[in-house]
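Only one structure is covered here, and it is reproduced in the block below.
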Amino acid sequence: MRFLILGGTGGLGAELTRQCGPSATAAGSRDADLRDPAAVRDLVRRVRPDVIVNAAYRQDDWAVTADGAAHVAVAARAHRARLVHVSSDAVFSGRPGRFDETCPPCPATMYGAAKAAAETAVRAIDPAAVVARTSLIVGGPQTVIAARVHAGGVFFTDDVRCPVHVADLAAALLELAVSRYAGVHHVAGADAVSRYELALLIAARDGLDPSGVVAGTRAAAGLSGAGDVRLDSAATQARLTVTLRGARDFLTPG
Ligand SMILES: NC(=O)c1ccc[n+]([C@@H]2O[C@H](COP(=O)([O-])OP(=O)(O)OC[C@H]3O[C@@H](n4cnc5c(N)ncnc54)[C@H](OP(=O)(O)O)[C@@H]3O)[C@@H](O)[C@H]2O)c1
């Protein structure tokens, strides 16, 4: 089975490519710019994948995150490739609590809106595709969130997420890729933790001085945004053999 990993030069894409082994082609923006439908089509025609995992995005670029996802779905459909589209908990906001797959998107940021638009496009173009929403992705010290902890600073106690280990996430996405499931799936970790608690856990794992992790609040900083967003992944977990471990589990030694 041939896999095409879009966003293959990124954090999640690199782990997906590693787990797929030699049957994977990893593509970044130099291989095909997702903003260009012809470039996407040509890449898919060249690689002839059975499965496409789209983990590509650009936080502040609607044309990549939303339009690009639509171009990928069109190409996947045309070439009868199975599509797994990676989405985000950023599609939610507005009320504290748990969000399962039945909750409609309610984004608070342009990034969240672009991810929600991408989901709608992918589901309309390719109803057989999997749309996999995830939360903060945690891996080694080079992961974005871990690098921030190494740099030190303020971490919010009122920003709550369900972080996932990059290896668990990649394994879950590949399981979904070879399944018959379609539609929205939540693929996040089992524990809801604040960014502050997460930063302390990462500092402890990496042997850093915890005094470099300073508690703050989004409210005191006067920032709007998503705040408390907990992805409920129970329904998807029941379909998987891989365990989506919680951050307290995978960041605690022993
Ligand atoms: N990181 C998180 O905590 C988090 C949380 C929730 C959801 N997600 C979702 O998870 C997915 C992967 O995130 P990540 O953190 O692994 O991403 P990342 O490390 O920032 O990698 C982004 C990837 O997108 C590619 N890309 C950017 N612009 C492109 C373009 N115009 N055309 C083609 N490819 C382009 C990049 O390629 P180049 O290297 O060539 O630029 C790179 O391979 C994304 O869908 C994101 O929304 C991430």
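Every heavy atom of this structure was used, including side-chain atoms; hydrogens, water molecules and symmetry mates were not. For clarity, every value in this text was computed on a predicted model and none was experimentally measured. Counting starts at 1 for both ligands and their atoms, in listed order.
Put simply, the residue from Leu16, Ile5, Val51, Thr134 that forms a side-chain contact (heavy atoms from CB on, under 4.5 Å) with Leu173 is Leu16. A side-chain contact (heavy atoms from CB on, under 4.5 Å) with Arg195 is found for one member of Val213, Thr157, Asp159, Val154 and no other, namely Asp159. When each of Lys115, His185, His186, Glu119 is tested with Ser87 by the rule side chain to side chain donor-acceptor pair (under 3.5 Å), just one qualifies, namely Glu119.
Among Ser135, Pro163, Ala118, Ser88, the residue whose heavy atom lies nearest to atom 5 (C) of ligand 1 is Ser135. Looking at Gly8, Ala27, Ala55, it is Ala55 that brings a heavy atom closest to atom 12 (C) of ligand 1. Evaluated by nearest non-hydrogen atom to atom 45 (O) of ligand 1, the leading choice among His71, Lys115, Arg58 is Lys115. The residue among Ala32, Ala39, Ala56 with a heavy atom at the shortest distance from atom 33 (C) of ligand 1 is Ala32.
Remark: Asp89 engages Arg161 in a salt bridge, criterion side-chain N to carboxylate O under 4.0 Å. With respect to the salt-bridge test (charged N to carboxylate O, under 4.0 angstrom), the residues Arg248 and Glu197 qualify. For the pair Asp158 and Arg218, the salt-bridge criterion is not met [side-chain N within less than 4.0 Å of a carboxylate O]. Between Glu101 and Arg133 there is no salt bridge, since no side-chain nitrogen of the basic residue lies less than 4.0 Å from a carboxylate oxygen of the acidic one. In summary, Asp168 and Arg245 engage in a salt bridge, as defined by a charged side-chain N under 4.0 Å from a carboxylate O. The residues Arg230 and Asp228 are annotated as salt-bridged, a charged nitrogen and a carboxylate oxygen being separated by less than 4.0 angstrom.
Below 3.5 Å of separation, one finds no N or O of Asn54 facing any N or O of ligand 1. Residue contacts with ligand 1: Gly28 is placed with no nitrogen or oxygen under 3.5 Å of a nitrogen or oxygen of the ligand (distance criterion only). At under 3.5 Å, a nitrogen or oxygen of Gly11, whether backbone or side chain, sits near a nitrogen or oxygen of ligand 1. Some N or O of Ser29 is nearer than 3.5 Å to an N or O of ligand 1, by distance alone.
At least one heavy atom of Val86 sits less than 4.0 Å from an atom of ligand 1. For Ala63, the heavy-atom gap to ligand 1 stays at 4.0 angstrom or more.
With respect to atom 17 (O) of ligand 1, the closest heavy atom belonging to the protein is Tyr57 CE2, 3.2 Å. From the protein, the heavy atom lying nearest to atom 16 (O) of ligand 1 is Leu12 N, 2.8 Å. For atom 32 (N) of ligand 1, the nearest protein heavy atom (residue, atom name, distance) is Leu34 N, 2.9 Å. In terms of protein heavy-atom proximity, atom 23 (C) of ligand 1 is nearest to Gly7 CA, 3.7 Å.
At a heavy-atom distance under 4.0 Å, atoms from both the backbone and the side chain of Thr9 approach ligand 1. Contact annotation: for Ala90 versus ligand 1, there are no heavy atoms closer than 4.0 Å.
Within ligand 1, the atoms closer than 4.0 Å to a non-hydrogen atom of Ser87 are 7 (C), numbered from 1 in the order shown. Listed by number with element, the atoms of ligand 1 under 4.0 Å from a non-hydrogen atom of Val64 are 28 (N), 29 (C), 30 (C), 31 (N).
The environment of Arg123 atom CZ is sparse: at most 12 non-hydrogen atoms of other residues, nucleotides or ligands sit within 6.0 angstrom.
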